Participant: 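Sharing a structure here in structure tokens format.
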Amino acid sequence: SRAAASASPPRARVLLREAEDIAGIMARGAERTAAIVKDLRTFSRLGEAQRKAADLHDGLEMSLRLLAPRWRERISIHRDYGRLPLVECDPAQINQVLMNLLANACDAIAGRGQIWIATRSLGTAVEVSIRDDGAGIPADLLPRVFDPFFTTKEVGRGTGLGLAVSHSVVAAHGGDITVESAPGA
């Protein structure tokens, strides 16, 4: 198409560029739609969970490796891992939660920043805490962060399903997920 564009009259070149732009927009829209469908499938499969004993630290480290392009060279990761028992869960679903939380933390940091990950055993429960020094969320938006399709990201950057799916997965596992934030914190 580049050869055709260069051999075409100026008006045709403009139209070809516009067509390429539209095709790119459509491709990005298809990718977002595929992500939404995948997340919605996760919602519908919560009752089919395959539970087994899993190491949450392995899930955190795997998520960090997969997200390395988002944080490497600009974000420092600080780990404060306590001694955790193996957790009876659907590891794939819990790993998706960890991935969503860490991805959100990376996305909240516009330039250079830090993420702190802490784990600890609380008797019969475990706690995973993920904290970042990104932009923060205004108090009036905090009650909506777990609502499906709500996002603080710019148009085209998020589906608004990551935290909604995470909330559903954690609840289906008998756990709680909470958020604390303020602008600039």
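Just so it is clear, the model here is predicted, and its values are computed rather than measured.
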Participant: For side chain to side chain contact (heavy atoms under 4.5 Å, CB included), just list the numbers for Trp116 and Ile77, CA-CA rounded to whole Å, side-chain angles, deciding distance to a tenth of an Å, and then say yes or no.
Facilitator: CA-CA 6 Å; Trp116 295 266; Ile77 307 293; over 6 Å; no
Participant: Do any N or O atoms from the side chain of Trp71 and from the backbone of Leu64 form a donor-acceptor pair under 3.5 angstrom?
Facilitator: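 Side chain of Trp71 to backbone of Leu64, a donor-acceptor pair under 3.5 Å: yes, one is there.
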Participant: Check step by step if side chain to side chain contact (heavy atoms under 4.5 Å, CB included) holds for Met62 and Asn95.
Facilitator: CA-CA 8 Å; Met62 179 190 67; Asn95 288 345; 3.4 Å; yes
Participant: Could you go through the side chain to side chain contact (heavy atoms under 4.5 Å, CB included) check for Leu102 and Leu60 one step at a time?
Facilitator: CA-CA 9 Å; Leu102 288 166; Leu60 285 163; 4.2 Å; yes
Participant: Minimum heavy-atom separation for Pro85 to Ser121, with atom names?
Facilitator: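 Where Pro85 meets Ser121 most closely, the heavy atoms are CD-OG, 4.0 Å.
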Participant: Is a donor on one side and an acceptor on the other found under 3.5 Å between the side chain of His173 and the backbone of Val169?
Facilitator: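 Checked: pair present.
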Participant: Output, in order, the C-alpha distance, side-chain angles, deciding distance and verdict of salt bridge (charged side-chain N to carboxylate O under 4.0 Å, His left out) for Glu88 and Arg51.
Facilitator: CA-CA 6 Å; Glu88 193 72 23; Arg51 306 254 173 142; over 6 Å; no
Participant: Quick check against the 3.5 Å criterion: does Arg112 have a side-chain atom that pairs as donor or acceptor with the backbone of Glu73?
Facilitator: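 Yes; judged by distance alone, with no hydrogens or angles, the pair exists.
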Participant: Measuring only between side-chain heavy atoms, which start at C-beta, is Ile115 closer than 4.5 Å to Ser76?
Facilitator: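 SC-SC contact between Ile115 and Ser76 ruled out.
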Participant: Within the 4.5 Å heavy-atom criterion, are Thr119 and Leu56 side-chain neighbours or not?
Facilitator: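 Of all side-chain heavy-atom pairs linking Leu56 with Thr119, none is under 4.5 Å.
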Participant: Rounded to the nearest 0.5 Å, how far apart are CD1 of Ile75 and CZ of Arg70?
Facilitator: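 Between Ile75 CD1 and Arg70 CZ, I get 10.0 Å after rounding to 0.5 Å.
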Participant: Can you sort out the partners of Ala54 under side chain to side chain contact (heavy atoms under 4.5 Å, CB included), two or more places apart, ordered by chain and number?
Facilitator: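 Ala54 satisfies side chain to side chain contact (heavy atoms under 4.5 Å, CB included) with Cys89, Pro91 only.
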Participant: Which Ile, Leu, Val, Met, Phe, Trp or Tyr residues join Met26 in one cluster when any pair of side-chain heavy atoms under 4.5 Å counts as a link?
Facilitator: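 Cluster partners of Met26: Ile22.
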Participant: Look at the side chain of Ser129 and the backbone N and O of Ala118, then say whether any donor-acceptor pair between them is shorter than 3.5 Å.
Facilitator: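 Such a contact is absent between Ser129 side chain and Ala118 backbone.
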Participant: Using every non-hydrogen atom in the two residues, find where Gly82 and His57 come nearest and quote the distance to one decimal.
Facilitator: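 That would be O-CE1, 3.0 Å.
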Participant: Is a donor on one side and an acceptor on the other found under 3.5 Å between the side chain of Arg74 and the backbone of Ile109?
Facilitator: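 Yes, because the side chain of Arg74 sits within donor-acceptor range (under 3.5 Å) of the backbone of Ile109.
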Participant: Hey, are the side chains of Arg120 and Arg83 touching, using non-hydrogen atoms and a 4.5 Å cut-off?
Facilitator: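 Counting from C-beta outward, Arg120 and Arg83 never come under 4.5 Å.
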Participant: Quick one: does Met99's side chain get under 4.5 Å of Leu67's, heavy atoms only?
Facilitator: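 Yes - at least one pair of side-chain heavy atoms lies under 4.5 Å apart.
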Participant: What is the minimum heavy-atom distance between Gly59 and Leu98, and which atoms define it?
Facilitator: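 Shortest heavy-atom contact: C-CD1, 3.9 Å.
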Participant: Tell me, which pairs form a side-chain hydrogen bond (donor to acceptor under 3.5 Å, both in side chains) where one or both residues lie in residues 131-142, sequence neighbours left out?
Facilitator: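 Passing the test, one end in residues 131-142: no pairs.
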Participant: Quick one, Ile94 and Val87 - any side-chain contact, counting heavy atoms below 4.5 Å?
Facilitator: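 With C-beta onward as the side chain, the pair stays apart.
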Participant: Can you tell me how far apart OG (Ser166) and CG (Asn104) are? Round to the nearest 0.5 Å.
Facilitator: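 Separation between the atoms: 7.5 Å.
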Participant: Between Leu84 and Asp55, does a side chain to side chain contact (heavy atoms under 4.5 Å, CB included) hold up when you go through it step by step?
Facilitator: CA-CA 8 Å; Leu84 295 183; Asp55 183 335; 5.9 Å; no
